[in-house]
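The structure appears right after this line, and notes come after that.
Here is how names work: the chains are called A, B, and so on, in the same order as the sequence lines, proteins then strands, and each is numbered from 1. These numbers come from a predicted model, not from an experiment.
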Number of protein chains: 2
Amino acid sequence: MYTNRRSPRRHPSLKDVALAARVSHATVSRALRNVGRVAPQTRAAVLAAADRLGYTPNLIARGLKNGATGMLSALVPGLSGPPVSDMMSVVNEELERAGIALQIHTSSEDAERQLEKLRLIRGSSDGVFFVPTSDLLVRGRDDLVQATTRQVQEMGVPVVFVDRYLEVPGAGVVCTDNETAAYEVAMYLISLGHRSIGYLTGPAVSSVRERLQGFRRAMAEAGLAYDESHLESLVADSYEAGAEAALRLLRRAQAITALVTYNHNATVGTVVAARRLGLEIPGDLSLVAFDDVREVSAIQVPLTYVEQDVVSIGRHAAQLMLDMLRGGPPRQIRVQARLVVRQSAAAVR
Amino acid sequence: MYTNRRSPRRHPSLKDVALAARVSHATVSRALRNVGRVAPQTRAAVLAAADRLGYTPNLIARGLKNGATGMLSALVPGLSGPPVSDMMSVVNEELERAGIALQIHTSSEDAERQLEKLRLIRGSSDGVFFVPTSDLLVRGRDDLVQATTRQVQEMGVPVVFVDRYLEVPGAGVVCTDNETAAYEVAMYLISLGHRSIGYLTGPAVSSVRERLQGFRRAMAEAGLAYDESHLESLVADSYEAGAEAALRLLRRAQAITALVTYNHNATVGTVVAARRLGLEIPGDLSLVAFDDVREVSAIQVPLTYVEQDVVSIGRHAAQLMLDMLRGGPPRQIRVQARLVVRQSAAAVR
DNA sequence: CTGAAAGCGCTTACAG
DNA sequence: CTGAAAGCGCTTACAG
């Protein structure tokens with residue numbers, strides 16, 4: 001790491017202000033935070049001195065003393081990519097109001113790195129928001145999942161899973177009710193007369209698994225023959241992989257009249273594939289997506305999609321964390337999504 | 001803020017390890033960090049004890065002592081939105097290798113909040129990466145710009161501007177050579193025979209201003225009559241605003257055969273507008289964009305675009321910060337962009 | 001090689 | 001109302 005030497009022009013400390021205001025640094029501390037009994041004029045003098053010196057408290061030191069760092073961490077797969085980054089954006093805003101800074105760590109979708117980060121975070125955070133990596137890289141590594149789970153349990157500070165979760169007793173969870181949302185998507189397509197419905201899915205993180213479950217439940221309830229030939233998985237999270245998966249599925253199961261896509265790249269990929277196969281959306285193929293893809297909606301066809309309530313999720317996550325920091329119980333919160341009906345799905349013809 | 005009470009099961013400290021290993025905590029400190037002279041067996045005993053107790057250092061305390069927090073901050077307009085979030089992603093990765101965590105603060109494109117954040121960061125960071133807000137909200141608020149500039153000067157820790165900058169002596173800067181990039185874009189279109197070229201621009205942040213300058217320089221050098229009627233600005237950063245701006249421009253200056261778009265939403269908006277006007281790209285209208293829009297390229301037409309070297313920018317930014325932390329001089333680094341020629345721009349017909 | 005001590009910048013009982 | 005003192009968890013000269 002870089003040198004420890006302090007910057008040449010040292011930032012003023014409590015002591016400096018105390019010296020300038022001719023009082024003890026304890027008094028400065030009280031005056032500045034407006035706690036305890038401080039004479040009005042003393043307070044005024046302190047404030048003036050602090051202002052003149054451009055004093056700002058050293059949060060690090062305050063944190064050390066308080067046994068709280070005043071800082072929360074988020075461990076996420078990556079910095080970009082909706083809807084997760086939108087959720088974290090809301091979390092960040094909510095925290096701001098409480099005067100708490102959010103420190104962001106990324107696992108880069110690498111489960112080993114994720115585990116290290118978890119350990120690292122431990123010593124310098126009052127709590128962590130956790131969006132675990134998809135298991136693309138964890139397949140066959142149950143040990144890693146186990147170790148991660150154990151680490152979360154032993155964090156010693158509150159952990160709130162956002163968007164997706166691991167099964168860890170004591171951890172909070174805030175995410176979309178994916179099972180219900182997918183159930184409703186399937187029911188909607190069935191109500192439009194579709195009988196052969198394809199589904200594009202991805203890595204087995206909780207959200208993705210639950211979506212598939214909801215979809216299957218709907219198919220079963222509707223008494224529709226549903227077999228694995230209607231299912232295809234993306235091998236990577238790119239639109240090219242989405243297009244390939246869609247192509248495989250549409251070529252194999254030609255009876256399919258509607259398709260459900262589990263995420264952004266599956267959706268874009270499907271639009272690309274449809275184009276390549278000369279299929280019109282929704283004329284030849286109905287499409288219902290999870291999450292809108294604004295660019296597609298703007299220039300191709302307004303997507304019928306599941307809108308996750310990212311604002312509500314972010315707020316609940318922040319609030320739950322604050323609760324847990326005060327000793328509140330970990331809760332598992334499900335936020336309902338909304339099916340936005342536009343033009344990419346139509347009645348079967 | 002939340003309560004200061006320590007979590008029930010306290011995290012083990014150096015003292016706990018010392019007690020368990022039957023040595024002083026100073027020795028534990030040395031053994032763990034592998035500095036100073038420590039007897040091999042003492043070291044082994046300490047490591048064993050630390051491991052058994054699940055000790056991890058309290059970075060806060062270490063930071064206090066070192067006079068460095070081991071933490072860097074980034075102040076950005078928002079969490080999402082390429083290419084800035086990609087640049088910061090790279091910065092983050094680079095820092096990780098140096099064992100430094102990045103704390104992210106957002107200004108939400110609000111210049112007042114940005115100023116507050118700057119003050120807040122001051123006490124708890126060894127340095128800050130700064131992506132200033134666009135001035136959409138600062139128009140007519142020179143005082144705010146001044147105050148922000150002054151604040152940056154008085155930070156007392158290194159500041160590195162990324163992607164765009166304010167004029168502040170002593171601050172580092174890493175960004176694309178926007179002037180040159182835009183110049184090349186214009187020259188490319190001119191070489192294709194275009195004479196009437198439109199330009200969609202945005203708020204007056206440095207990057208956007210420089211792009212327009214480069215564009216104008218090329219037009220002037222080519223001896224092309226260039227007047228403000230070929231220019232249009234987005235009133236907001238949304239694709240709807242982009243579409244409106246493009247519509248205004250294309251309706252007003254019908255001689256235009258090519259358009260340059262300064263960012264993502266201007267590009268998407270242009271594609272939407274062209275569609276609405278029944279213009280084919282590139283048949284009726286050539287388009288060169290700043291930054292690719294993958295969705296557009298995938299489903300509409302592969303964009304000819306300026307590719308910013310986000311990896312290089314991120315790396316340089318991280319490296320410059322590390323240099324400055326060691327006392328190195330602030331540098332202004334320009335990274336060359338690359339014109340990726342694909343299909344959205346063609347010879348004029 | 002190891003320990004006792006001082007100190008980083010703060011907060012908070014405890015006296016007075 | 002205010003100050004002196006202790007202590008948060010660490011690191012680092014300084015002795016020994």
Side-chain angles (χ1 to χ4, degrees), chain A residues 1 3-7 10-46 49-50 53-71 122-126 156, chain B residues 1 3-7 10-46 49-50 53-71 122-126 156:
Chain A
M1 207 196 288
T3 172
N4 294 334
R5 225 159 286 130
R6 302 198 56 72
S7 54
R10 197 170 57 71
H11 195 70
S13 74
L14 266 192
K15 261 188 209 163
D16 299 315
V17 178
L19 218 62
R22 309 181 152 284
V23 293
S24 76
H25 68 281
T27 299
V28 174
S29 173
R30 284 186 284 250
L32 255 28
R33 283 173 304 131
N34 213 356
V35 307
R37 312 205 55 74
V38 180
Q41 24 182 345
T42 308
R43 189 166 135 62
V46 169
L53 266 50
Y55 172 80
T56 53
N58 180 327
L59 270 19
I60 300 295
R62 179 179 288 175
L64 217 211
K65 181 58 195 175
N66 287 348
T69 67
M71 184 140 3
R122 187 173 178 173
S124 51
S125 242
D126 297 343
Chain B
M1 210 194 291
T3 173
N4 295 333
R5 226 159 283 129
R6 300 198 57 73
S7 54
R10 200 170 54 72
H11 195 70
S13 73
L14 267 193
K15 262 188 210 164
D16 299 316
V17 179
L19 218 62
R22 306 182 155 285
V23 294
S24 76
H25 67 281
T27 299
V28 174
S29 174
R30 284 186 284 251
L32 255 27
R33 284 173 304 133
N34 214 355
V35 307
R37 313 205 54 74
V38 180
Q41 23 182 349
T42 307
R43 191 168 132 63
V46 169
L53 266 47
Y55 172 79
T56 52
N58 181 327
L59 270 20
I60 299 295
R62 178 180 289 176
L64 218 211
K65 181 59 195 173
N66 286 348
T69 66
M71 180 139 5
R122 187 174 178 172
S124 52
S125 241
D126 297 343

Check [X] against [Y] and note the closest heavy-atom contact, atom names and distance.
X       : Y       : result
A:Arg30 : A:Val38 : CB-CG2, 3.9 Å
A:Val28 : A:Ala18 : CG2-CA, 3.5 Å
A:Pro12 : A:Gly54 : CG-O, 3.9 Å

Just verifying a value: how many Å separate [X] [atom1] and [Y] [atom2], rounded to the nearest 0.5 Å?
X       : Y       : atom1 : atom2 : answer
B:Arg22 : B:Leu19 : CZ    : CG    : 8.0 Å
B:Leu53 : B:Asp16 : CG    : CG    : 6.5 Å
A:Tyr55 : A:Leu14 : OH    : CG    : 3.5 Å
A:His25 : A:Thr27 : NE2   : OG1   : 9.5 Å

- [ ] Would you jot down, in residue-number order, the residues of residues 39-46 of chain A having a non-hydrogen atom under 4.0 Å from DNA chain D?
- [x]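 Those residues are A:Ala39, A:Thr42.
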Open item on the list: Is it the case that C:dG9 (base atoms only) and A:Lys65 (side chain only) share a donor and an acceptor within less than 3.5 Å, ignoring hydrogens and angles?
Closed with: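 Counting by modelled atom types and ignoring angles, no donor-acceptor contact under 3.5 Å is found here.
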Euclidean distance, atom [atom1] of residue [X] to atom [atom2] of [N] [Å, nearest integer]:
X       : N      : atom1 : atom2 : result
B:Leu32 : C:dT2  : CG    : C1'   : 16 Å
B:Leu64 : D:dC10 : CG    : P     : 12 Å
B:Asp16 : D:dC8  : CG    : C1'   : 13 Å
A:Tyr55 : C:dG9  : OH    : C1'   : 7 Å
B:Leu14 : C:dA4  : CG    : P     : 15 Å

Open item on the list: Are A:Leu32 and A:Arg43 packed together at the side-chain level, in the sense that at least one heavy-atom pair is separated by less than 4.5 angstrom?
Closed with: no
Is any side-chain nitrogen or oxygen of [X] closer than 4.0 Å to OP1 or OP2 of [N]?
X       : N      : result
A:Arg33 : C:dT12 : yes
A:Arg62 : D:dC8  : no
A:Lys15 : C:dC8  : yes

Task: Base-pair map of DNA chain C as dot-bracket, where | denotes pairing with a different strand and pairs are Watson-Crick or G-U under 3.5 Å - done: |||.||||||||.|||
Task: Nucleic acid contacts of residues 19-30 of chain A, taken as heavy-atom distances under 4.0 Å to DNA chain C - done: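 DNA chain C contact set from residues 19-30 of chain A: A:His25, A:Ala26, A:Ser29, A:Arg30.
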TODO: Ignoring hydrogens and angles, tell me if any N or O in the side chain of A:Arg33 forms a donor-acceptor pair with the backbone of A:Ser29 under 3.5 Å.
DONE: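 The answer is yes, because a donor-acceptor pair under 3.5 Å joins these two groups.
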